[in-house]
Amino acid sequence: MNNKELPFGIIQACADELHRSSMNTRFLFLANLLAMLVLVQAAVALPPQMAGYDPSKQIRFSTPAGAEAKRQELVHFIWANGLPRNTLSAVTRNIAAAMFDQYLPGIERNLVAAVDKLDADITPYDFHSISYLLHPLKTNANNGRLVIYHSGHRRALTDWAGGDDVINRVLAEGFTVLVMDMPVTGFNTGHTIVLPNGAGVVTIAKQGSDAHREMFQKLIPALPDGTIFRFFLEPIVQGINYFLQAHPGAEVAMVGISGGGWTATLAPAVDIRIKQSFPVAGSYPLYCRTKPFPTFSHDIEQYYDPLYREIDSDGDGIADTAAGVASWLEIYALGGLGPGRRQVQILNFNDTCCFFGDAFKTYSNFVPGVVQKLGQGEWAFHSDTTHARHWISKEVINTVILPCVVGSADASQAPGAKNTKQPIEACGSHVSIGLASAEGGFQSGGFAQAPEAALDIANAPAPLFRDPVFDGAADPSVLWDAKEKAWYIFYTQRRANQKLPGVSWYYDTKIGIAKSTDQGRSWSYVGTAQGMSRGLEAESFWAPHVFEDNGTFHMFVTFVPKIAIKEFSGKGQILHYTGRDPVHWKFSDTADVGWDDVIDPGLVKLRDGRWLMVFREDRPQPRTAMVTSLDLQRWTRLKDVIGDRPHEAPVVLYWRSKFWLFVDEWRGIGVYQSDDGIRYARNSLILDRPGKRADDHYLGSHPGVALAGDRAFVFYHCHTDRAAAGEASGQSRDSLAYKRSSLQVAELELRDGIIVCDRDKYWRKK
């Protein structure tokens, strides 16, 4: 979803509310809606005066000792005697199953063995908060690990905002889950607070955010310092205390949405026993909530001046210096700082409630750097651009939260799977941080990208390359090696010129390599990729996809452990190889993509830092399917990309702010476009008519893509001697004319939003 689509997401989100409203309130509702649309439209672009914003004065510590001193200052601001690690909630064990309908709708009962009710009494105020500890039915090592889920300001017990998906997924993995609400919200019905020294009883009459405003108004004059934050945070501390009694030293993770996201930000800053935290749609620094940004003025607990205060020290009208006990940026850093700790802040770019837009750009690179320099822990940022809602999306659950907490986003789908928890560095280093998750400064990966002068297509030969051994070069993948300043083409080395029965010339194939060191004006045969064999008697390698990432070369390639004779058969797998140069390869793993007959992988890096793999899935109608990964090894299954007509050989190019999917439809190359790399719409059909260049007299097949500067190119193979009518030509399938193929290249152009390709653009009639 791009930013221009945002108002439609908001209109949809508000339509139900309007429908439920009475006629007397609809005009007011529409007026508010229009005001909100103006507000959100203003929010999606970073104000020019913030382009050079320096957040460095918002974090006042530069050493681990200084950071710990700030943490203790924050702790003692809230608890005069320090964090209450020995205070326990009253517990009612094994409460009746009927409580699911009353208090936990949306939680799958068949995942839960037992439920304990925890009653946290904030003494001496006799203020009570309820939480529920869910013991998983599944028995494994994860039983001794706790995930706290905090639902924030939910208006109804059914309003989970994606939290039920989080809870059910981690329960299925065997985690114990502590489910929490904010004070005077959800299943927290306690609303009286006994003031100290006989000063009376305060009654909170309202619910949710309104209740919290009432609490601050009535309690701040009567309580010292930041004591009011005890009512929000101490139930979490008591819940951890209770769990750690039975599981000393256990790992604790925390996920929260909205007000729960605020809680999941502040609680880890004061309690280092929370090792991993994932606050969703929960906060912005104060300077991101005032002019020149939209004003997010709700949730009074996020504004308390003695705690968060910022001042404008340089007189430019924008707060830039921490002045309270702990600025928001200090709280962020403290949430991820410490041995084995991590915090990932998640904001919905098109959120219909709050903290939307790209104000995060002012700090999302700075805070990770501060934590990294301190040498312990990790802080990362993720912008979710996949929807326009105030919730925890399945995308975030599958690709950010679960890979970090569980270690494998698909582990819950594997019956009897063992505990697959990864060490702290295994997933956090792959979570998108900084600008990679938004539009500004985004650079994709997974395909060849070279300087514009690196490819002289006007003087490229036609055909571009013919395999000198078997004359069956097909399925090209292109690599630009910046160190060598050389182009490589990896291709399926079909055995076209061999007299072989049936379709066996498609099998027992290796991956051929061609190279150019003169801007593509000439190409030489390097040989075949080394180190590929799996040691089997029959091995067929097809359709490689090769790219370089951070100094490592990656090849994803189709592998069929069979040689077929009469007709195509044998289930394909996708194998992953790595290498330090483009010729020598080492087997890494078999990609688990959720289906057992797959070919033709193509990869691209998405805006949020994930890798997307598209591939042909062989079902009754071949179609493109896709998976995502943070580390190129553990893959999460997504929905189909396209299945409107049979096709193969999908490959994705990121060019001119869009993702372009190319597929071989056996009538030319179909082109689809997407804003997010996940959802595609039909754009055009190219290479569907024979060209005039030598060996280019047939349909273009199986594309590979590359960029040279801002120019885009498609590489493809062509069965030049086949008549355009195909089978009607009368050619023998055993003839060299039918079987041989050569490689070609053509330039892609974008005209009025449509991809076109003139394969004869550089044709010279001789």
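In this text, all values refer to a predicted model and were calculated from it rather than measured experimentally.
Side chains of Phe77 and Pro306 form a contact here, defined as non-hydrogen atoms less than 4.5 Å apart. Val280 has its side chain out of reach of Trp391: every pair of non-hydrogen atoms, C-beta onward, lies at least 4.5 Å apart. Side-chain contact between Asp316 and Gln49: absent, with no pair of heavy atoms (C-beta onward) separated by less than 4.5 Å. Side-chain atoms of Ser129 and Phe232, non-hydrogen and from C-beta on, never get closer than 4.5 Å to each other. The shortest distance between side-chain heavy atoms of Ile392 and Val255 falls below 4.5 Å. At a threshold of 4.5 Å between non-hydrogen side-chain atoms, the residues Met254 and Gln276 do not count as touching. Side chains of Met180 and Ile236 form a contact here, defined as non-hydrogen atoms less than 4.5 Å apart. Using a 4.5 Å heavy-atom threshold, the side chains of Leu178 and Tyr242 count as separate.
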Inset, instruction - Please lay out, stage by stage, how Asn188 and His128 fare under the test side chain to side chain contact (heavy atoms under 4.5 Å, CB included). - result: CA-CA 8 Å; Asn188 280 329; His128 295 259; over 6 Å; no
Inset, instruction - List the steps, then state whether side chain to side chain contact (heavy atoms under 4.5 Å, CB included) holds for Val179 with Leu104. - result: CA-CA 9 Å; Val179 184; Leu104 298 172; 4.2 Å; yes
Inset, instruction - Test Thr362 against Tyr287 for side chain to side chain donor-acceptor pair (under 3.5 Å), laying out the working first. - result: CA-CA 10 Å; Thr362 58; Tyr287 70 85; 2.8 Å; yes
Legend entry - From CA spacing to verdict: side chain to side chain donor-acceptor pair (under 3.5 Å), Tyr332, Gln345: CA-CA 8 Å; Tyr332 292 165; Gln345 184 189 59; 3.2 Å; yes
Inset, instruction - Go through the steps to decide whether Leu133 and Val115 satisfy the test side chain to side chain contact (heavy atoms under 4.5 Å, CB included), and finish with yes or no. - result: CA-CA 6 Å; Leu133 190 69; Val115 180; over 6 Å; no
Inset, instruction - Assess whether side chain to side chain contact (heavy atoms under 4.5 Å, CB included) is satisfied between Thr263 and Thr265, documenting all intermediate values. - result: CA-CA 5 Å; Thr263 314; Thr265 303; over 6 Å; no
Legend entry - Residue pair Asp225, Arg230: steps toward the salt bridge (Lys or Arg N to Asp or Glu O under 4.0 Å) verdict: CA-CA 11 Å; Asp225 297 327; Arg230 287 185 58 188; over 6 Å; no
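Between Ala326 and Lys70, the closest heavy-atom pair is CB-CD, 4.3 Å. Here the shortest heavy-atom pairing between Ser313 and Asp320 reads OG-OD1, 2.8 Å. The heavy-atom pair separating Leu329 from Pro285 by the smallest distance is CD2-CG, 3.7 Å. A pairwise comparison of heavy atoms in Thr385 and Phe349 identifies CG2-CB, 3.8 Å as the closest pair. When all heavy atoms of Leu244 and Ala250 are compared, the pair lying nearest together is CD2-N, 3.7 Å. Considering every non-hydrogen atom in both Ala222 and Leu195, the closest pair reads CB-CD2, 4.0 Å.
You'll find the ring centres of Phe216 and His212 outside the 6.0 Å limit. Aromatic ring centres of Phe360 and Phe355 lie farther apart than the 6.0 Å criterion allows. If you look at Phe229 and Trp79, their ring centroids are not closer than 6.0 Å. Aromatic ring centres of Phe187 and Tyr132 lie closer together than 6.0 Å.
Comment: Glu251 engages Arg145 in a salt bridge, judged by a side-chain N to carboxylate O separation of less than 4.0 angstrom. Ion pair Glu330/Arg60 flagged as a salt bridge, since at least one NZ, NE, NH1 or NH2 atom sits closer than 4.0 Å to an Asp/Glu carboxylate oxygen. Between Asp164 and Arg169, none of the side-chain N atoms (NZ, or NE/NH1/NH2) sits under 4.0 Å from a carboxylate O, so this pair counts as no salt bridge. Between Asp165 and Lys394, at least one side-chain nitrogen of the basic residue sits less than 4.0 Å from a carboxylate oxygen of the acidic one, meeting the salt-bridge criterion.
Remark: the backbone N or O of Cys354 is not paired with any side-chain donor or acceptor of Tyr284 at under 3.5 angstrom. No donor-acceptor pair under 3.5 Å is formed between the side chain of Asn168 and the backbone N or O of Ile107. The closest donor-acceptor contact from the side chain of Arg71 to the backbone of Leu334 lies under 3.5 Å. Side-chain atoms of Asp312 come within 3.5 Å of backbone atoms of Gly317 as a donor-acceptor pair (strictly under, hydrogens ignored). Looking only at distances, no side-chain donor or acceptor of Asp119 sits under 3.5 Å from a matching main-chain atom of Ser89. With hydrogens and angles disregarded, a donor-acceptor distance shorter than 3.5 Å links the side chain of Arg341 to the backbone of Ile274. Using modelled atom types, no side-chain atom of Thr189 and backbone atom of Val184 make a donor-acceptor pair closer than 3.5 Å. Formation of a donor-acceptor pair under 3.5 Å by the Glu378 side chain with backbone atoms of Arg342 is not found in this model. Formation of a donor-acceptor pair under 3.5 Å by the Arg154 side chain with backbone atoms of Ala161 is not found in this model. In this structure, the side chain of Thr185 does not engage the main chain of Asp181 through any donor-acceptor pair within 3.5 Å.
Thr386 and Asp384 share a side-chain donor-acceptor pair at under 3.5 Å. Between the side chains of Gln238 and Thr87, not a single donor N or O lies within less than 3.5 Å of an accepting N or O. Counted by atom type alone, Ser56 and Asp54 present one or more donor-acceptor pairs between their side chains at under 3.5 Å. Residues His191 and Thr203 bring no donor and acceptor atom of their side chains to less than 3.5 Å of each other. For the 3.5 Å distance criterion, the side chains of Trp379 and Gln343 qualify, holding a donor opposite an acceptor. At a cut-off of 3.5 Å, with distance as the only test, a side-chain donor of Asn348 or His387 sits close to an acceptor on the other residue.
Between Phe127 and Phe231, the ring planes are perpendicular. Angles over 60° get that label, and only those under 30° would be called parallel. Ring pair Tyr149/Trp160 is tilted by interplanar angle, where 30° to 60° counts as tilted.
Atoms CD and CG, from Glu68 and Leu337 in turn, are 8.0 Å apart once rounded to the nearest 0.5 Å. Considering CG of Leu83 and CD of Glu234, their distance stands at 8.5 Å, rounded to 0.5 Å. With rounding to the nearest 0.5 angstrom, the CD1 atom of Ile300 is 10.5 Å from the OG atom of Ser209. Separation of atoms CZ (Arg109) and CG (Leu171) is listed at 14.0 Å; rounding is to 0.5 Å. Atom CG of residue Asp271 and atom CG of residue Asn241 lie 7.5 Å apart, to the nearest 0.5 angstrom.
Heavy atoms from other residues, nucleotides or ligands lying under 6.0 Å from CD of Gln72 number more than 12. Atom OH of Tyr304 has more than 12 heavy atoms from other residues, nucleotides or ligands within 6.0 Å. The neighbour count for Asp305 CG, taken as heavy atoms of other residues, nucleotides or ligands under 6.0 Å away, is above 12.
Looking at Thr176, Asn143, Asp116 one by one, the single match for side chain to side chain donor-acceptor pair (under 3.5 Å) with His135 turns out to be Asp116.
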